[in-house]
Every structure is written in structure tokens, then in C-alpha cells.
Amino acid sequence: MSHAVDAPTPLVIPAIPVRQLLPWAVFAGLLLLLVMYFVSTEQGALSIFGGANVHEFVHDGRHLLGFPCH
């Protein structure tokens, strides 16, 4: 008795045009820059918000990434 094994169907991955990817890449880049600003600079000479809330929120992240804050 012979058992026929079906060949697996090929996986088709659609190509995403750069035109559709570019706005998301720009958005992600701007979001990353904003996060890096708050982790590295906020509560310093260029602070946007007064007080120490932002500093305390990102304090451990600053040390983890090597940014001095004291």
C-alpha cells in the first residue's frame, strides 16, 4: 500500500513598497528621538518640564544607558 505525501505549499511573502514603509520608519525614528531626549537630557539645561518627576521616572534608564545625571 502506497501513501502519497502532498508537497508543502510554498510560502508567499508579499513585498512591501518603500513608499508604504517610509512614513512608519519616520514615525518610529521621531519616537525614538523623543524617548532618547527624555532619557538623556530632560531635567537638565534644556528641560521642558519643571520638577523632578521626569528625572525620577527615567533615572534607572539613564544609568543603564550610561548617561550621567548626578
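Just so it is clear, the structure is predicted and the values come from calculations on it, not from any experiment.
Counting non-hydrogen atoms of neighbouring residues, nucleotides and ligands closer than 6.0 angstrom, the CG atom of L32 exceeds 12 such neighbours.
By the criterion of side-chain heavy atoms lying less than 4.5 angstrom apart, applied directly or through intervening Ile, Leu, Val, Met, Phe, Trp or Tyr residues, L65 is not grouped with L33; the two fall into different hydrophobic clusters.
With side-chain heavy atoms closer than 4.5 Å counting as contact, directly or through intermediates, the hydrophobic cluster containing I13 also holds L11. The hydrophobic cluster around V12 extends to none of the other residues, as no ILVMFWY side-chain heavy atom falls under 4.5 Å of it.
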